[in-house]
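To start, the structure itself, in structure tokens.
Sequence lines set the chain letters: A, B, ... in the order given, protein chains first and strands last, and positions in each chain run from 1. Nothing here was measured: the structure is a model prediction, and the numbers come from that model.
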2 protein chains.
Amino acid sequence: MGRPPRIDRSSVLTAGLAIADERGLDALTLQAVADRLGVTPMALYRHVPGKAALLDGMVELLLTNASLPPAELPWHERLERLATGVRATARRHPEVFSLLLQRPATTTEARRLPDQVLAALVAAGVPPARASRWERLLSTAVLGFAVSEVAGRFAGHTSAELDGDFEALLGMLRTAIEAEGASG
Amino acid sequence: MGRPPRIDRSSVLTAGLAIADERGLDALTLQAVADRLGVTPMALYRHVPGKAALLDGMVELLLTNASLPPAELPWHERLERLATGVRATARRHPEVFSLLLQRPATTTEARRLPDQVLAALVAAGVPPARASRWERLLSTAVLGFAVSEVAGRFAGHTSAELDGDFEALLGMLRTAIEAEGASG
DNA sequence: ACCTGAACACCGTTCAAGT
DNA sequence: ACCTGAACACCGTTCAAGT
């Protein structure tokens with residue numbers, strides 16, 4: 001009552017994510033974000049440079065929210081957990097997740113995930129010179145699957161089928177990494 | 001001069017694709033499409049139900065433009081050509097291509113591509129009951145890679161590196177299919 | 001049948017003004 | 001420092017009217 005609410009970058013991103021989750025990407029307008037925060041759209045510009053930056057920030061929020069598996073686990077189990085975590089994130093935030101393939105992870109915060117994958121690959125015996133390539137292929141396959149699944153490209157298939165797909169995907173990746181590790 | 005130009009669905013989709021290629025997805029407005037056709041924006045509604053349908057149509061145009069490899073070739077070469085063709089399409093139409101992962105191929109025209117993949121998998125000895133799964137995994141990996149590449153997720157890597165990535169990806173897929181074919 | 005004019009509700013963004 | 005009011009240029013979409 002009366003007092004203008006205090007907002008910051010984090011609350012803007014969180015509000016945007018909530019709106020996209022609840023009402024879809026089309027409903028994500030600066031007006032809607034402002035409404036949720038009890039503020040006018042113009043107030044957002046002090047905390048986020050514009051709508052494109054809002055989307056970028058939301059994607060990064062998705063990445064940095066992921067939990068990392070304990071380093072004591074064997075490499076293949078670490079990769080499995082990372083992949084399963086990515087898939088779970090996609091299901092929680094389907095609308096925003098589909099933007100993820102289109103924006104490189106640049107900030108140091110967002111680099112934690114690929115760095116974890118890299119470490120697991122080296123632990124698997126993949127030659128360091130090749131680890132970066134396999135990180136790209138692995139994350140692309142997992143992200144591509146997760147995006148396809150939540151964006152409806154696999155519409156008409158049961159979730160049991162898709163679980164089987166995901167398992168087969170992980171199996172293929174593990175086999176390929178083991179072969180690469182043995183050859184190094 | 002004077003005579004109102006005749007337009008149809010096909011010319012609307014083509015104009016939209018050209019604008020997206022030349023000036024990006026943000027510049028793809030109904031006004032811009034109408035301008036290119038020498039018509040007012042309202043005229044487009046007779047040929048396309050709205051902007052969302054325009055985007056859908058453009059994505060489908062991408063799919064149906066792909067050329068199919070001759071059936072005489074060995075299955076692995078057919079898959080290789082299909083994958084390379086997809087990658088080339090992505091490079092020709094990067095902006096629209098990134099929408100592809102988000103819309104299932106439903107029309108019979110657009111189903112030709114997955115059907116070709118399916119046929120090649122069966123030729124490779126993959127049990128028909130499993131062919132559909134491998135078609136999904138294969139197309140997801142290839143599409144995911146192509147989208148990542150043209151959308152800038154691999155920014156900072158040389159095209160030689162990415163060519164190597166793509167080769168490694170195809171190698172991994174072929175190995176996995178051969179294993180699946182031998183077990184069937 | 002096909003295109004246009006006029007109008008509507010809504011966008012993102014700016015900038016000077018308020019507190 | 002942070003938010004608002006007012007204004008701008010532009011969206012997509014509708015519907016009755018023209019030819």
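Of the listed nucleotides (C:dC3, D:dA6, C:dT4), C:dC3 has the atom at the smallest distance from the side chain of B:R46. With distances taken from any side-chain atom of A:A43 to the nucleotides D:dG12, C:dT4, D:dC3, the minimum falls on D:dC3. Closest approach to the B:K51 side chain among D:dG12, C:dG12, C:dT4 is made by D:dG12 (side chain taken as heavy atoms from C-beta onward). In this structure, the nucleotide among D:dG5, D:dT13, C:dT13 sitting nearest to the side chain of A:P41 is C:dT13. Distances were taken from every side-chain heavy atom of B:T29 (C-beta onward) to each of C:dT13, C:dC2, D:dG12; the shortest belongs to D:dG12. Distance from the side chain of A:I7 is smallest for D:dC3 among the nucleotides D:dC3, C:dT4, C:dG12. Closest approach to the B:R6 side chain among D:dC3, D:dT13, C:dC2 is made by C:dC2 (side chain taken as heavy atoms from C-beta onward). Nearest to the side chain of B:Q31, among C:dT4, C:dC3, D:dC11, sits D:dC11.
D:dG12 is paired with C:dC8 under the Watson-Crick or G-U wobble criterion, all donor-acceptor distances under 3.5 Å. Base pairing of C:dC2: its partner is D:dG18, meeting the Watson-Crick or G-U wobble criterion (both donor-acceptor distances under 3.5 Å).
Distance, A:D26 CG to D:dC11 P: 17 Å, rounded to whole Å. Residue A:Y45 contributes atom OH, which lies 4 Å from atom P of C:dT13 at whole-angstrom precision. One can place CG of A:L30 at 6 Å from P of C:dT13, the figure rounded to the nearest angstrom. We find that CG of B:L44 is positioned 13 Å from P of D:dT14, with the value rounded to whole Å.
The neighbour count for B:R36 CZ, taken as heavy atoms of other residues, nucleotides or ligands under 6.0 Å away, is above 12.
Between A:M42 and A:A27, the one whose closest nucleotide on DNA chain C sits nearer the 5' end is A:A27.
When all heavy atoms are compared, the tightest approach of B:Q102 to B:S98 is NE2-O, 3.8 Å.
A side chain to side chain contact (heavy atoms under 4.5 Å, CB included) with A:L63 holds for exactly one of A:N65, A:V59, A:L61; it is A:V59.
A donor-acceptor contact closer than 3.5 angstrom links the side chains of A:R153 and B:T140.
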Checking salt bridge (Lys or Arg N to Asp or Glu O under 4.0 Å) for the pair B:E180/B:R133: CA distance, chi angles, key distance, verdict?
-> CA-CA 11 Å; B:E180 194 68 18; B:R133 158 158 304 158; over 6 Å; no
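Distances shorter than 4.0 Å separate some side-chain N or O of B:H47 from OP1 or OP2 on C:dC3.
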